[in-house]
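What follows is a short report on a single structure.
In each ligand, atom 1 is the first atom listed, and ligand 1 is the first ligand listed. Because only heavy atoms are used, hydrogens play no part in the values below, and waters and symmetry mates are left out as well, while side chains stay in.
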Amino acid sequence: MTIHIGATIDEIADTVLLPGDPMRAKWAAEQFLTSPRLVNQVRGMFGYTGTFNGNRVTIQGSGMGMPSLSIYANELIRDYNAQTLIRIGSCGGMQPNIDIRDIILAQTTTYVTTPSSTVMKEISFSPCADFELIKNAHSFAESKGFKTHVGNIYSSDTFYDERADLNEQMVRHGVLAVEMEAAELYTLAARFNRKALAILTVSDHLQTGEALPSDEREKTFAQMVEVALAAAFPTK
Ligand code: HPA
């Protein structure tokens, strides 16, 4: 047990999927895992462990934003020895060729600050995803006909943003989408020599103002879970 996770050490799998929303963790575990068991409910941040094709998997809510994700990722890595951490979440599209419902595999992330900024000091660290996970995720997503993009995203500290000028520079430099967690996840994976990937569906678009209807959110979330499981456990 840790401060924020009530599971015993052996109740957390080597592979952990991290949706921001704890209710999504419950839904995904019930839909995709065999014999899912609730292993954490501290602060209502549900975590479930079960199996997928015989492989043990934990699906643990991370909360919103990098400070929250950092707490869960640190404890999963340092205390539970998690090896592969895959964020599944939503993002706001930032390029004209990105559409609502598209899947984004975050190859790298741009940020202003992360909880690790004080550690990095003058270093402009480039958080990047594990190549094998990207490769597996990409080939599975393509095989399913999901429209998928691989590239740079922006991990922001604000949802209600007051700095339009920052977004303008991101768009100008080809950043695909904005979310709020991946940069810290990748930085922690680098620090502790673990594998990480963020798989995101475009839930809204910053330029067009279009947003995914709420009745479609479940379907797109299911696609991400499928991609995440295929990335962690490729069949060939
Ligand atoms: N900003 C930050 N995070 C997000 C957004 C956004 O517009 N959409 C989905 N996650």
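Heavy-atom proximity to Leu206, at under 4.0 Å, picks out these atoms of ligand 1: 7 (O). Near Gly92, with a cut-off below 4.0 Å to any heavy atom, the atoms of ligand 1 are 5 (C), 8 (N), 9 (C).
Within the 4.5 Å cutoff, the side chain of Gln60 has no heavy atoms near those of the Leu17 side chain.
With distances taken over non-hydrogen atoms, the option nearest atom 2 (C) of ligand 1 out of His205, Met180, Glu181 is Met180.
Classification of the Phe52-Phe233 ring pair by plane angle, with boundaries at 30° and 60°, yields tilted.
Both the backbone and the side chain of Ser90 come within contact range of ligand 1, each with a heavy atom under 4.0 Å. At a heavy-atom cutoff of 4.0 Å, ligand 1 is contacted by no atom of Ser156, backbone or side chain. Contacts with ligand 1 closer than 4.0 Å are made by no heavy atom of Asp161, backbone or side chain.
In this structure, atom 4 (C) of ligand 1 lies nearest to the protein heavy atom Val178 O, 3.6 Å. From the protein, the heavy atom lying nearest to atom 8 (N) of ligand 1 is Asp204 OD2, 3.0 Å.
Applying the 6.0 Å contact sphere to CG of Asn193 captures no more than 12 heavy atoms from other residues, nucleotides or ligands.
What you find for Met120 and Phe125 is that their closest heavy atoms are CE-CG, 3.8 Å. Looking at every heavy atom in both residues, Tyr111 comes nearest to Ala183 through CD2-CB, 3.9 Å.
For Glu216 and Arg101, the salt-bridge test passes: some basic side-chain N is under 4.0 Å from an acidic carboxylate O. Under 4.0 Å is where a charged nitrogen must lie from a carboxylate oxygen, and between Arg56 and Asp14 no such pair does.
Of the polar atoms of Thr158, none of the N or O atoms is found under 3.5 Å from an N or O of ligand 1, judged by distance alone.
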